[in-house]
K.L.:
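For reference, the structure I am asking about is given below.
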Amino acid sequence: MRYSRAFIPTLKEAPKDATMPSHVLMLRAGYARMVGAGIYELLPLGTRVLHRIERIIREEMDAAGAQELLMPTFVPGDYFKETGRWDLYGPTLLRIEDRKGGEYHLAPTHEEIVTDLARREVKSYRQLPLNLYQIQLKYRDEPRPRGGLLRCREFIMKDAYSFDVSEEAAVQSYEQMRDTYHRIFTRLGLEYRVVEADSGAIGGKQSAEFQVLAQTGEDWIVACSSCDYAANVEVAKAGLAAPPASSAAEPQPLEKVETPETRSIEEVVSFFGGETNAAHTLKSLLYVAGEEVCLAVVRGDHEVNELGLARHLGVEEVVLASDAAVKEATGTEIGFVGPVGFSGRILADPDAVAVRNAIAGATETPYHYKNVNHGRDFKAEVVPIRQAASGDPCPSCDGTLELYRGIEGGHIFVLGTHYSDKMQATFLDEEGSSHSIVMGCYGIGVSRLIAAIIEQHHDEDGIRWPIHVAPFQVIITPIGKDEAPLAKATEIYEALRAQGVDALLDDRSERPGVKFKDADLLGIPLRITVGSRGLKQGTVELKERTQNESRDVPMDDAADAVRDAMAALQS
RNA sequence: CGGGGCGUAGCGCAGCUUGGUAGCGCGCACGGUUCGGGACCGUGAGGUCGGAGGUUCGAAUCCUCUCGCCCCGACCA
């Protein structure tokens with residue numbers, strides 16, 4: 001491509017609405033433009049990157065035996081009604097009415113559609129296993145789109161669905177997809193962790209998220225520094241934390257203290273001054289779980305894992321009680337609730353009950369108790385209900401957990417027969433008896449990954465694409481107003497093109513500074529600079545985007561040097 | 001959904017408090033000088049001041065409503 005003919009609208013200043021690095025750079029470097037909140041255009045450069053990513057995904061999916069197909073985005077509502085998701089999905093589902101008043105929606109995911117296909121066409125165990133995938137637009141009316149391509153209402157997703165004869169076979173398919181995802185994420189140049197995740201209330205027996213590590217990620221995950229263990233904090237098993245030093249003490253008599261204006265743990269700690277710290281207090285939160293109201297107690301420096309709490313209680317979700325509900329259930333105000341004197345069901349985290357002589361709300365405004373001890377002063381069901389935190393011991397080895405932020409780049413599930421049962425997607429086995437097809441589903445947020453890669457690969461000057469996903473592998477930059485550099489650059493460009501290299505020739509009549517700045521901004525991995533100075537000595541310069549220094553290469557070997565450098569970057 | 005911020009030229013912004021016929025930088029077009037890390041000089045094009053209504057002789061500016069975008073939060077006491 002000749003730069004002078006390319007549609008690459010770069011910006012010196014970032015539009016003020018962009019804050020995340022990937023968002024700013026995609027706009028500045030001319031990869032994308034916004035059309036509405038969470039709705040973007042991918043410009044030619046962005047489209048090239050998209051195609052590169054898609055190609056890697058297709059190669060690996062095809063190698064794993066999956067077959068690509070294309071399902072509709074605009075679908076009748078009947079399928080979602082069959083499985084109940086027409087109601088369950090809520091406002092996130094973009095619903096459309098056609099001219100006859102028929103109910104339709106834009107697909108946020110395709111389990112129902114693909115299951116319908118399977119029930120119509122798959123009749124025999126001989127047709128299984130089967131894995132179908134597509135790369136296509138998805139629609140979700142997100143409550144809050146953000147971060148450019150990181151969370152959009154319209155986005156590109158690779159979704160695959162596996163169909164098997166049994167649970168064991170489905171797990172095999174799942175494991176194969178996990179291996180495939182490892183290869184894909186590695187080829188994309190991403191630093192990522194596979195983490196245990198919530199499989200959701202629906203179906204999921206087993207699931208894992210592929211989390212791309214980035215400070216700007218929306219998810220919190222913990223990963224062990226010495227083994228493979230990693231999990232979303234929603235589901236991370238927290239080992240027992242080291243108890244506070246003071247916990248060795250003998251139990252002291254319970255003491256009620258007037259503590260005005262101490263609604264938060266922070267305020268309580270500062271009220272008691274040097275006497276205590278957050279790890280020595282108990283945090284007591286009242287939750288509504290279905291019909292029941294119960295008190296969750298964790299150590300003051302810990303957080304309740306609401307998902308874990310809900311799982312323990314066997315409910316879909318728990319909701320923190322409102323101020324009014326707290327008043328009604330405990331007779332006291334938020335901030336002064338505690339396990340002592342609470343009459344309902346109490347669940348306490350093991351780390352919380354390990355604290356001796358703790359400070360906790362007195363369930364009476366405005367008082368706290370000192371020297372609260374589990375067993376003597378209150379009785380609770382002891383269950384792990386806190387979120388894992390940085391520094392916690394690893395549950396599967398003797399390492400410690402680190403906290404990271406992640407961008408969910410992929411998610412794989414064993415679905416079981418959740419959808420096939422509801423939609424009667426069955427097959428006949430060798431004996432002629434009928435069974436529900438056992439399914440799995442596997443998603444990759446393709447457009448999100450464009451942004452995720454930039455989050456991991458950029459510097460203050462611009463993007464630094466890994467070679468496998470770069471829109472062009474090399475940019476050739478003739479410098480100066482003489483004819484010679486452009487002529488030589490064109491020669492090198494043609495040579496590279498003849499060898500199938502995606503090259504960009506910056507044939508614009510811009511000053512050198514402009515060309516260099518744009519090249520850095522676009523993030524093309526290799527740059528050949530052709531200047532009249534070098535030409536006199538028969539050399540051109542080869543520079544990698546991630547290196548500070550360039551090196552001279554004989555001008556007639558330029559194309560070979562580029563190919564060698566590409567090979568090095570690709571390995 | 002709650003809170004905060006912002007809508008003035010393609011991008012970044014000033015002007016608004018104290019109403020008086022809209023300005024700066026970048027970018028763009030043309031001419032000239034420049035030419036190895038976002039050059040300089042000159043000339044020029046480009047704006048229903050997000051939209052609607054109101055107050056006023058007069059509204060970017062004041063009032064009301066509305067639309068859009070961004071950020072934080074969505075209840076950890």
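Side chains included, hydrogens not; waters and symmetry mates left out as well; all remaining heavy atoms used.
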K.L.:
Could you walk me through whether A:Q215 and A:Y404 pass side chain to side chain donor-acceptor pair (under 3.5 Å), step by step?
P.N.:
CA-CA 8 Å; A:Q215 331 78 282; A:Y404 296 95; over 6 Å; no

K.L.:
With both distances under 3.5 angstrom, what nucleotide forms a Watson-Crick or G-U wobble pair with B:rC26?
P.N.:
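Partner of B:rC26: B:rG10.
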
K.L.:
What does B:rG31 pair with, Watson-Crick or G-U, if both distances are under 3.5 Å?
P.N.:
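Across any shown strand, B:rG31 pairs with B:rC41.
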
K.L.:
Using a 3.5 Å distance criterion without hydrogens, assess whether the side chain of A:Q211 forms a donor-acceptor pair with backbone atoms of A:I407.
P.N.:
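Checked: pair present.
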
K.L.:
Going by the salt bridge (charged side-chain N to carboxylate O under 4.0 Å, His left out) test, which pairs reach into residues 384-395 of chain A, not counting sequence neighbours?
P.N.:
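Pairs touching residues 384-395 of chain A that pass the test: A:D349-A:R386, A:D351-A:R386, A:R386-A:D392.
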
K.L.:
Which word best sums up how the rings of A:F272 and A:H368 line up, parallel for under 30°, tilted for 30 to 60°, or perpendicular for over 60°?
P.N.:
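It falls in the perpendicular class, over 60°.
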
K.L.:
With both distances under 3.5 Å as the test, what is the Watson-Crick or G-U wobble partner of B:rC1?
P.N.:
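Paired with B:rC1, as far as the under-3.5 Å criterion goes, is B:rG73.
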
K.L.:
Check for a donor-acceptor pair, side chain of A:T539 on one end and backbone N or O of A:M555 on the other, with a separation under 3.5 Å.
P.N.:
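Judged by distance alone, no pair lies under 3.5 Å.
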
K.L.:
How would nucleotides 66-74 of chain B be written as a contact map, 5' to 3', with B for base contact, S for sugar-phosphate-only contact and - for no contact, using protein heavy atoms under 4.0 Å?
P.N.:
---SSBBB-

K.L.:
Do the numbers put A:K138 on top of the ring of A:F155, so that NZ or CZ is under 6.0 Å from the six-membered ring centre and no more than 45° off the axis?
P.N.:
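No, A:K138 and A:F155 do not form such a contact.
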
K.L.:
Who does B:rG53 pair with, Watson-Crick or G-U, both distances under 3.5 Å?
P.N.:
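The base-pairing partner of B:rG53, which may sit in any strand shown, is B:rC63.
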
K.L.:
Ignoring hydrogens and angles, answer whether the base of B:rG10 and the side-chain atoms of A:R28 contain a donor-acceptor pair closer than 3.5 Å.
P.N.:
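Such a pair does not exist between side chain and base.
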
K.L.:
Closest nucleotide of RNA chain B for A:L521 versus for A:P15: which of these residues is on the 5' side?
P.N.:
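Counting from the 5' end, the first nearest nucleotide belongs to A:P15.
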
K.L.:
What residues form a side chain to side chain donor-acceptor pair (under 3.5 Å) with A:E292, not counting sequence neighbours?
P.N.:
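By the side chain to side chain donor-acceptor pair (under 3.5 Å) rule, A:E292 matches A:R345.
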
K.L.:
Going by number, which of residues 333-352 of chain A have a non-hydrogen atom under 4.0 Å from RNA chain B?
P.N.:
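Here the set is A:I334, A:G335.
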
K.L.:
Take A:G480 and A:K515, find for each the nucleotide of RNA chain B with the closest heavy atom, and name the residue whose nucleotide sits nearer the 5' end.
P.N.:
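Its nearest nucleotide being more 5', the pick is A:G480.
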
K.L.:
Write down the partner of B:rG36 under the Watson-Crick or G-U wobble criteria, each distance required to be under 3.5 Å.
P.N.:
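Its partner is none (no Watson-Crick or G-U wobble pair with both distances under 3.5 Å).
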
K.L.:
Can you tell me, in whole Å, how much space there is between the P of B:rC69 and that of B:rU64?
P.N.:
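About 23 Å, rounded to a whole number of Å.
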
K.L.:
A:K543: which residues meet the side chain to side chain donor-acceptor pair (under 3.5 Å) condition with it, sequence neighbours left out?
P.N.:
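With neighbours one apart ignored, the set is empty.
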
K.L.:
Decide side chain to side chain donor-acceptor pair (under 3.5 Å) for A:N232 and A:E209; before the verdict, give the C-alpha distance in whole Å, the side-chain angles of both, and the deciding distance to 0.1 Å.
P.N.:
CA-CA 8 Å; A:N232 195 302; A:E209 288 173 347; 3.0 Å; yes

K.L.:
Got a donor-acceptor pair under 3.5 Å from the side chain of A:E13 to the base of B:rG38?
P.N.:
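Counting by modelled atom types and ignoring angles, no donor-acceptor contact under 3.5 Å is found here.
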
K.L.:
Is the distance between the ring centroids of A:H23 and A:Y40 under 6.0 Å?
P.N.:
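Close enough - the centres of the two rings lie under 6.0 Å apart.
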
K.L.:
Give the intermediate values and the outcome of salt bridge (charged side-chain N to carboxylate O under 4.0 Å, His left out) for residues A:R464 and A:D520.
P.N.:
CA-CA 8 Å; A:R464 310 194 326 184; A:D520 288 346; over 6 Å; no

K.L.:
Detail all sub-3.5 Å separations between protein N/O atoms and N/O atoms belonging to nucleotides 39-45 of chain B.
P.N.:
none

K.L.:
Which nucleotide in the list B:rG37, B:rC75, B:rC35 gets nearest to the side chain of A:F516?
P.N.:
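Selected nucleotide: B:rG37.
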
K.L.:
For atom P, what is the distance between B:rU21 and B:rA59, given to the nearest Å?
P.N.:
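It works out to 12 Å between them.
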
